[in-house]
Amino acid sequence: MSQYKMWIDGKWVEAESGKTYPVYNPATGEVIAQLPLGGVTDVDKAVVAARKAFPIWSKKSQADRSAIAMKIAAMLRDNARELGKLDTLDHGSPAQRAAFLPTASSLNFEWAAYNCRSLMGHTIPSTSEDLIYLQREPIGVIAIITPWNVPLMMVVEKLAPALTLGNTCIIKPPSIDSLEALKFAEMLDTLGLPPGTVNVITGPGGIVGDALSSHRGIDMVAFTGSCEVGKAIMSSASQTVKRLQLELGGKNPVIVLDDADVDAAAAEAVGNQYKNCGQICASPGRFYIHEKVYDQFLEKMLAGAKKFVWGDPNDMKTQMGPLVSAEHRDRVEGYIKSGIEQGAKLLLGGKRPTTAPLNKGYYLPPTIFTGVTQQMKIAREEIFGPVACIMEKFNSDEQVLAWANDNTYGLAAYVWTGDTARGMRFANNLQAGTVRINAGHGGGPELPWGGYKESGLGKEGSLYGLYEYSNLKRVQVDLAVKK
Ligand code: NAD
């Protein structure tokens, strides 16, 4: 079993309290590592270090910072297999997919490196007697608080723009899934960054995360996680009016219209629903299927879900591993129970394995409910598990649009149709930050991502995402000759 340390002020340290906590392999339930149980004093130390590093790091030229970002991108690619193995061990990601994620994450640093170098200011026409220009500046010390669902990528998506633009950062990875962030920090440690430019503190969100969100020395919180914690962070951060970037939950509608390519929609539905055990913010939350294609879609989706290979994540054939923790599986099972109690029909799965070896891990099979209605808890709340909710059939565009928008979340939506104009009319009316027509979830650093309604604030990715991590300053010069 490995004993890890935190990275504060360029040094590898224990928690001030000297305490540690265990983390588990979700595939076996075994303890795999002990991590420092960070606390408020550790946060104070990291804030002092990051503030000390800020004038040094932010005053480097953009070309120098971009060159370092390119080195980080290369490191992520070169170490993709090792990072992927940790992802399988710590998170339960299927080995067949694990190395892909660090490689994909490297693109965030590459993209930030190029695009920060070409972030231009503006001049604003006024009179011949003055000059007004706008410039972008780093914000200061940014707390990066991330969830466990894609542990490394969630850190990198925020760190790449924040660091490359000249901010210094304190990363608070998810307490149950911190190993990849710590391994990544070991790589950063070889780059000779000014001590304190990047810091990593492990420990419970309610203590470390809250101390960061309320700390006077933190200028911005970049957070990905649940809506509940996002609201708590908004409240703590309000005391010092911190800049916030919040990527929160979703309950994403998938609408299959009567003219859709049903085979393609069902195939994508299976992959999108069960990939990463449904633990993706963009996973389908509600399937709305037109009555004319309902039976055909259901038959195909059921067949696809039955074939989806789940089990030991180390087996290269496995497409879906365990859920991330015993607590999270209990939570998902609570939703399954509630669906049954409220009258939805459990068509597939729903029960944890009871025989060895899978009974030791936190597994649930691909699960499908049908007959889900708008008011059921499983239709309203984010399950974040391998549970597909097939809603009542619909027969009009107006009806399904109203149902799709009837939710507090507004992260993503998917429309399947043979008529692109019809799909675009849906896109115009769906309350979601991303609408994909005839496609499942996919991304890249050049694409903006972020929710409407309670799904978040601000954007990640694209130039809009870069702007989140910089302040915009107006400089106004009076050129008139003064006597
Ligand atoms: P979570 O909100 O429980 O935890 C996220 C992070 O916040 C963790 O590091 C946690 O330790 C920390 N935290 C907990 N309490 C805190 C507090 N009081 N103050 C500050 N920090 C605190 O989320 P999770 O269970 O790790 O992840 C799942 C959630 O993340 C889902 O809701 C999912 O939709 C969301 N998510 C959203 C996106 C997106 O891009 N919109 C992407 C991935 C995940």
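Because the structure is a prediction, the values reported are computed rather than measured. Atoms within a ligand are numbered from 1 in the order they appear, just like the ligands themselves.
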For ligand 1, protein residues within the heavy-atom limit of under 4.0 Å are Ile145, Thr146, Pro147, Trp148, Asn149, Met154, Lys172, Pro173, Pro174, Gly205, Gly206, Gly209, Asp210, Ser213, Phe223, Thr224, Gly225, Ser226, Val229, Ile233, Glu247, Leu248, Gly249, Cys281, Glu382, Phe384, Leu411, Trp449

Any salt bridge between [X] and [Y], counting N to O under 4.0 Å?
X: Glu341; Y: Lys337; answer: yes
X: Asp406; Y: Arg380; answer: yes
X: Arg77; Y: Glu110; answer: yes
X: Glu16; Y: Lys45; answer: yes

Pair Phe426 and Trp416, ring centroids less than 6.0 Å apart: no

Does Tyr363 have Arg329 sitting over its ring (NZ/CZ under 6.0 Å from centre, angle to axis within 45°)?
no

